**Q** 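Let me begin by handing over the structure; questions about it come next.
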Amino acid sequence: MQTTQQTATTNRYAKAIEVSKRIRWDIDRDVIRGRKFDVTKKFLPDGLSKVERLPFLDAGEKRLVSQIQGRTYANIFGLVERYIGAKMLEISRDYWLGDQVALEALVRFTDEELKHQELFRRIENMMAASMPAGYHFLPQPNDVANAVLGKSTWAVLGLTCHIELFTQAHYRQSIERDSELSELWKDVFLFHWKEESQHAIMDELEWRRENAKLTPVQREQAVTDLIELVAAVDGILQMQSGADTDYFLTVAGRWFSSAEIAKLRDTMLRAYRWQYITSGVQDERFLKILGSMITEAQMQRIGAALGPIVA
Ligand SMILES: [Fe+2]
Ligand SMILES: [Fe+2]
């Protein structure tokens, strides 16, 4: 016999399956539709790119910053989806001979992340064809996945929940309302957002299930792991924001003062920290879930570790 709690959880998984089936899309038929990227338009919206901090750039240069960041934005999702898909397959083991509804929901989740990775590989090739040569996306999906998957499941699910919640916040708060974006770029993130909405619900269910298994000592270690994962994300952002600034300087093809170059490097890093860390950790839903699992002292420990990054 299932408990009332189990029934409620099964119902949430059933709902995730139902929505997933209803909105399911195809890369070519629904998203790309034979289109190319319009490089006369922006990719990433201003609210995410922080381009307003760079008044010394002309309109074309600002658009280039938006396109470089928008290209990295797609690549970052392709990067994290490698570990997310693997983790979901791993935790689905608990349902193999149990709740078949939860199992189906997690298998669909993994299948969608595989499709998203293909989508992001496809559009990286398309963006490469329409932008000047010299862009490099440095982090390697399998290296990052190996490092992430070495941490406790609680921490990995916490990081994942954070990512899948900020994906939704970015779309609703910045991407959807910006009418000056490349239509194809915007559609990629419209379709991605539709499937990610279900993922965030499942992340929370699985994170809470994992949380219930932990002793206080294990949870204390899991909090340390989560802090280390965020620090590792920040390391990736420092590396890629530097590479993207170098690419911009090469492609822009004009002289910038050393103060302007410093401002560009700083803005690129701040923008990436905002996109991939700060906007997620400040998300109301994320804070509510996290706050319900950990102590006040643990919350302060996370806050202190994040301090220099979110400043
Ligand atoms: Fe995804
Ligand atoms: Fe996802």
Side-chain angles (χ1 to χ4, degrees), residues 72-73 75-91 113 137-167 169-170 199-200 202-243 268-283 285-311:
T72 289
Y73 191 74
N75 282 320
I76 291 273
F77 280 108
L79 177 78
V80 297
E81 285 167 342
R82 182 66 53 85
Y83 95 73
I84 292 173
K87 193 68 191 178
M88 287 303 150
L89 274 186
E90 182 196 306
I91 60 176
E113 294 297 23
F137 187 71
L138 300 175
Q140 296 301 310
N142 286 344
D143 295 347
V144 171
N146 271 316
V148 171
L149 295 172
K151 300 290 184 190
S152 63
T153 293
W154 187 94
V156 177
L157 290 172
L159 181 72
T160 309
C161 189
H162 152 265
I163 292 169
E164 303 202 301
L165 284 172
F166 78 57
T167 308
H170 291 179
H199 296 184
M202 291 185 265
D203 292 332
E204 179 182 349
L205 289 171
E206 289 304 314
W207 193 15
R208 288 190 185 282
R209 190 170 71 88
E210 179 63 20
N211 185 59
K213 295 180 192 168
L214 300 188
T215 64
V217 173
Q218 288 170 325
R219 194 173 297 104
E220 181 72 11
Q221 177 58 45
V223 168
T224 301
D225 280 4
L226 182 59
I227 290 170
E228 288 174 2
L229 283 175
V230 176
V233 170
D234 193 54
I236 290 171
L237 302 182
Q238 293 191 34
M239 177 170 73
Q240 191 59 38
S241 65
M268 210 69 112
L269 178 58
R270 276 173 190 253
Y272 288 2
R273 283 174 160 173
W274 167 252
Q275 289 158 32
Y276 306 108
I277 297 175
T278 314
S279 63
V281 297
Q282 290 179 354
D283 184 273
R285 201 165 132 201
F286 178 75
L287 283 174
K288 205 171 142 211
I289 303 167
L290 179 65
S292 72
M293 295 180 187
I294 63 174
T295 65
E296 188 58 38
Q298 287 166 336
M299 196 58 127
Q300 281 174 10
R301 192 151 72 87
I302 294 172
L306 286 174
I309 296 173
V310 303

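Since the model is a prediction, treat every value here as computed from it, not as a measurement.
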**Q** Are any non-hydrogen side-chain atoms of His199 and Thr167 less than 4.5 angstrom apart?
**A** no
**Q** For residues Tyr272 and Thr72, determine if any side-chain heavy atom of one lies less than 4.5 Å from a side-chain heavy atom of the other.
**A** yes
**Q** Find the distance between OG1 (Thr153) and NZ (Lys87) and round it off to the nearest 0.5 Å.
**A** 3.0 Å
**Q** Please table the atom pairs, donor to acceptor, closer than 3.5 Å between any side-chain atom in residues 139-147 and protein atoms at least two apart or in another chain.
**A**
| from | atom 1 | to | atom 2 | distance (Å) |
| --- | --- | --- | --- | --- |
| Gln140 | NE2 | Leu138 | O | 3.2 |
| Asn142 | OD1 | Arg82 | NH1 | 2.7 |
| Asn146 | ND2 | Asn142 | O | 3.2 |

**Q** To check you understand the geometry: which heavy-atom pair defines the closest contact between Leu226 and Gly158, and what is its length?
**A** CD1-C, 4.2 Å
**Q** Considering only heavy atoms from C-beta outward, does the side chain of Ile227 approach that of Val223 to under 4.5 Å?
**A** yes
**Q** For the side chain of Arg219 and the backbone of Asn211, is there at least one donor-acceptor N/O pair under 3.5 Å apart?
**A** yes
**Q** Given side chains that start at C-beta, do those of His170 and Ser279 come closer than 4.5 Å, heavy atoms only?
**A** yes
**Q** Any side-chain heavy-atom pair from Val281 and Val230 closer than 4.5 angstrom?
**A** no
**Q** Let me confirm one number: the CD1-OH distance from Ile163 to Tyr83, rounded to the nearest 0.5 Å.
**A** 4.0 Å
**Q** Taking all non-hydrogen atoms of both residues, which atom of Val148 and which atom of Val156 are closest, and how far apart?
**A** O-CG2, 3.4 Å
**Q** Taking the side chain as every heavy atom from C-beta outward, state whether Leu157 and Met88 have any atom pair closer than 4.5 Å.
**A** yes
**Q** With rounding to the nearest 0.5 angstrom, report the SG to CZ distance, Cys161 to Arg285.
**A** 7.0 Å
**Q** Can you pull the ring-ring contact (aromatic ring centres under 6.0 Å, His included) pairs that have at least one residue in residues 290-311, sequence neighbours excluded?
**A** none
**Q** Please name all residues satisfying side-chain hydrogen bond (donor to acceptor under 3.5 Å, both in side chains) with Arg208, sequence neighbours left out, ordered by chain then number.
**A** Glu204, Ser292
**Q** Taking C-beta and beyond as the side chain, do Lys151 and Glu228 meet within less than 4.5 Å on heavy atoms?
**A** yes
**Q** Does the Thr278 side chain pair with the main chain of Arg273, one donor and one acceptor, at a distance under 3.5 Å?
**A** yes
**Q** Any ring-ring contact (aromatic ring centres under 6.0 Å, His included) involving residues 207-243? Give me the pairs, sequence neighbours left out, ordered by first then second residue.
**A** Trp154-Trp207, Trp207-Phe286
**Q** Could you please spell out the steps behind the side-chain contact (heavy atoms from CB on, under 4.5 Å) verdict for Phe137 and Leu79?
**A** CA-CA 10 Å; Phe137 187 71; Leu79 177 78; 4.2 Å; yes
**Q** Can you name the closest pair of heavy atoms from Phe166 and Tyr276 and give their distance?
**A** CE2-O, 3.4 Å
**Q** The test is side-chain contact (heavy atoms from CB on, under 4.5 Å); show your working for Asp203 and Ile289 and say whether it passes.
**A** CA-CA 11 Å; Asp203 292 332; Ile289 303 167; over 6 Å; no
**Q** First locate atom CD1 of Ile76, then atom CD of Gln275, and finally report the distance between them rounded to the nearest 0.5 Å.
**A** 8.5 Å
**Q** Mind listing the side-chain donor-acceptor pairs of residues 293-311 below 3.5 Å, one per line with the distance, residues two or more places apart or on another chain?
**A**
| from | atom 1 | to | atom 2 | distance (Å) |
| --- | --- | --- | --- | --- |
| Thr295 | OG1 | Gln298 | N | 3.0 |
| Thr295 | OG1 | Gln298 | OE1 | 3.3 |
| Gln298 | OE1 | Thr295 | N | 2.9 |
| Gln298 | NE2 | Glu220 | OE1 | 2.7 |
| Arg301 | NE | Glu220 | OE2 | 3.4 |
| Arg301 | NH1 | Thr224 | OG1 | 3.1 |
| Arg301 | NH2 | Glu220 | O | 3.0 |
| Arg301 | NH2 | Glu220 | OE2 | 3.1 |
| Arg301 | NH2 | Thr224 | OG1 | 3.2 |

**Q** What residues, two or more places apart in sequence or in another chain, satisfy side-chain hydrogen bond (donor to acceptor under 3.5 Å, both in side chains) together with Lys213?
**A** Asp94, Glu210
**Q** Donor-acceptor pair, Asp225 side chain versus Ala155 backbone, under 3.5 Å?
**A** no
**Q** I would like to know whether Leu237 and Met268 meet side-chain contact (heavy atoms from CB on, under 4.5 Å); could you show each step before the answer?
**A** CA-CA 9 Å; Leu237 302 182; Met268 210 69 112; over 6 Å; no
**Q** Do Gln282 and Trp274 come close enough that some side-chain heavy atom pair is under 4.5 Å?
**A** yes
